[in-house]
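Right, one structure below, let's go through it.
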Amino acid sequence: MASIRRTHLYEQMQRALAQPGPTLILVDGSPGSGKTHILSRGLRTQRRAGGGWAPTIGIAASVGPAARQLLQFARTLRDGGIEGQDGFDSWSDAFARLVSHLHDHRSPRAVVIDDVEALRPASPDVSAGLRHLWTSVRAHALPLRLIVSSSEPDAFRALLGPDGPFAGAEPIRIHVTPVSLREVREHLPRWSPLDRFMLTACLGRFPEALGGVDPEVRWSTNVQRLLAGHRAPFYGRPPLRLRASVQKPDRYVGILSALADGAREWAALYRHDPTFTAGSQLGPYLGTLQRMGWVEVERSLDAPARSRKQRYRLTDPMVAFWYAGVERARARLLAGYSPSQVWRTHLASAAEAQAQRWFQVACRAAL
């Protein structure tokens, strides 16, 4: 299967990496949008082009204790040819070792911190370490490309704020969006516009999902193979993502289900879930879903700042189709019915309703 062409994003990354260091590059996008692929491809192309580029230093942030993350970073430095101790006591010490190497050798380097939002909660001193790294490379004009990626909209606001490690910096911003409708058309040129839309209304427009599409079979068969079956690669993906992001997902599921069914307003969301005993309880949960990038808010022009006169919608079609259709059909799948049988009895109508809701969203985006 051919990969999704994302030429404009590759070109943005190439232009950013071609800037003389020190350069701060911030890459953001929703989970599954392809941020890591864009990063790795751009750096791989840069190494092949030569120009004295040394190996990239990568920090793949993950949930876990700071000591484990620092041990992994020490190993990463050694793999990149930077000798030093077997571990570090703090991120300030770790980044100081990197700065010392850059100062001594002055060869171009790229440092990539992927999913920075997972790194900072476990390592309170990471901000101090990043501040030392960035101020040092700027003070000595060291040829560093510091690339930071995140899936959370608020992560960069904290990094660039007055108290953040990159306060006053003028970064290059690269926003990785879901695959555009034009890119979907280029990827599936023999499909009708309706079939392409029906597919993306159920799976979303993310490279990982679209890369698994078989153009030789119908869109509905692809949805069954990719999402609506126990062996499907994306079966259970939305609730797994939710459990990885919040500690108590139960009430979030009620809100997501209501939104997937088409509820848009505060009162409708409150009525949908009997576990909420007061409408005011919705606020923190909706706020968390907004910060995660799962829910978008549309406010009326005449609505006060804290008014409930606003409408909500899910941003990810796969999440919406899961809670509106697939989750409710899981009992049939567990009972031994095939994905094609469950599609005919439950999911075909859910996909039709899903497409009607997402057609409105697509029209607004096009306009």
Side-chain angles (χ1 to χ4, degrees), residues 4 6 8-10 12-13 16 24-43 56 58-64 69 72 110-123 126-127 130 146-161 164-166 171-180 183 200 203-211 233-234 236-247 249 252-253 255-256 259 284-297 312-320 322-323:
I4 308 291
R6 315 223 63 192
H8 66 291
L9 291 171
Y10 300 143
Q12 285 184 52
M13 180 58 68
L24 176 63
I25 304 170
L26 302 181
V27 183
D28 73 285
S30 55
S33 59
K35 299 185 303 301
T36 303
H37 175 72
I38 297 296
L39 289 173
S40 60
R41 173 167 172 162
L43 290 163
T56 299
I59 304 173
S62 59
V63 177
Q69 294 177 345
Q72 290 179 337
V111 171
V112 181
I113 304 176
D114 198 14
D115 293 326
V116 70
E117 68 275 7
L119 182 68
R120 299 178 74 235
S123 304
V126 71
S127 291
L130 286 172
L146 178 58
I147 307 167
V148 182
S149 84
S150 177
S151 300
E152 292 190 0
D154 291 337
F156 292 152
R157 191 176 298 117
L159 293 173
L160 295 168
F166 305 134
I172 298 173
R173 301 290 295 262
I174 299 177
H175 179 56
V176 182
T177 60
V179 177
S180 69
E183 289 169 327
T200 57
L203 293 182
R205 290 185 281 117
F206 297 109
E208 186 181 8
L210 293 175
F234 297 98
R237 178 69 66 86
L240 283 174
R241 282 174 51 196
L242 183 64
R243 285 198 293 270
S245 303
V246 299
Q247 292 182 338
Y252 293 95
V253 170
I255 295 173
L256 294 171
L259 291 168
Y285 295 93
L286 285 168
T288 298
L289 290 171
Q290 291 172 54
R291 288 191 294 273
M292 290 166 55
W294 284 43
V295 170
E296 184 177 76
V297 181
Y312 304 86
R313 73 172 186 87
L314 291 172
T315 58
D316 186 339
M318 183 185 290
V319 172
W322 174 267
Y323 286 107

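Residue indices begin at 1 and follow the sequence shown.
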Would you say that Y312 contacts L289 through its side chain, given a criterion of any heavy-atom pair below 4.5 Å between the two side chains? no

Apply side chain to side chain contact (heavy atoms under 4.5 Å, CB included) to R6 and T177, showing your working. CA-CA 10 Å; R6 315 223 63 192; T177 60; 4.0 Å; yes

Interatomic distance, CH2@W294 vs CG@L256, rounded to 0.5 Å, equals 6.0 Å

Please name the pair of heavy atoms, one in M13 and one in G42, separated by the smallest distance, quoted to 0.1 Å. CG-CA, 3.9 Å

For the NE2 atom of H8 and the CD1 atom of I38, what is their distance to the nearest 0.5 Å? 7.5 Å

Atom pair OG1 (T200) and CE (M318), whose distance is rounded to the nearest 0.5 Å: 11.5 Å

Thinking salt bridges, do D316 and R237 make one under a 4.0 Å N-O criterion? no

Looking at every heavy atom in both K35 and D28, which two are closest together, and how far apart are they? CD-C, 3.6 Å

CD1 of I255 to OG1 of T288: how many Å apart, nearest 0.5 Å? 9.0 Å

Are the side chains of V246 and M292 in contact, using a 4.5 Å heavy-atom criterion? yes

Rounded to the nearest 0.5 Å, what's the gap from NE2 on H175 to CD on Q12? Could you check? 10.5 Å

Residue pair G293 / T315: nearest heavy atoms and the distance that separates them: O-OG1, 2.7 Å

Which is it for L26 and L160 under the side chain to side chain contact (heavy atoms under 4.5 Å, CB included) test, yes or no, and what are the steps along the way? CA-CA 10 Å; L26 302 181; L160 295 168; 3.7 Å; yes

Step by step, work out the side chain to side chain contact (heavy atoms under 4.5 Å, CB included) result for Y323 and L314. CA-CA 11 Å; Y323 286 107; L314 291 172; 5.8 Å; no

Atom of A209, atom of F234 and distance for their closest heavy-atom approach: CA-CZ, 3.6 Å

Start with the C-alpha distance between D115 and S151, add both sets of side-chain angles, then the distance that settles side chain to side chain contact (heavy atoms under 4.5 Å, CB included), and finish with yes or no. CA-CA 7 Å; D115 293 326; S151 300; 3.9 Å; yes

Note: V148 and F156 closest approach over all heavy atoms is O-CZ, 3.5 Å

Measuring from atom OH of Y252 to atom CD of Q247, what distance do you get when rounded to the nearest 0.5 angstrom? 9.0 Å

Provide the closest heavy-atom pair for P165 versus S127 in the form atom of the first, atom of the second, distance. CB-O, 3.4 Å

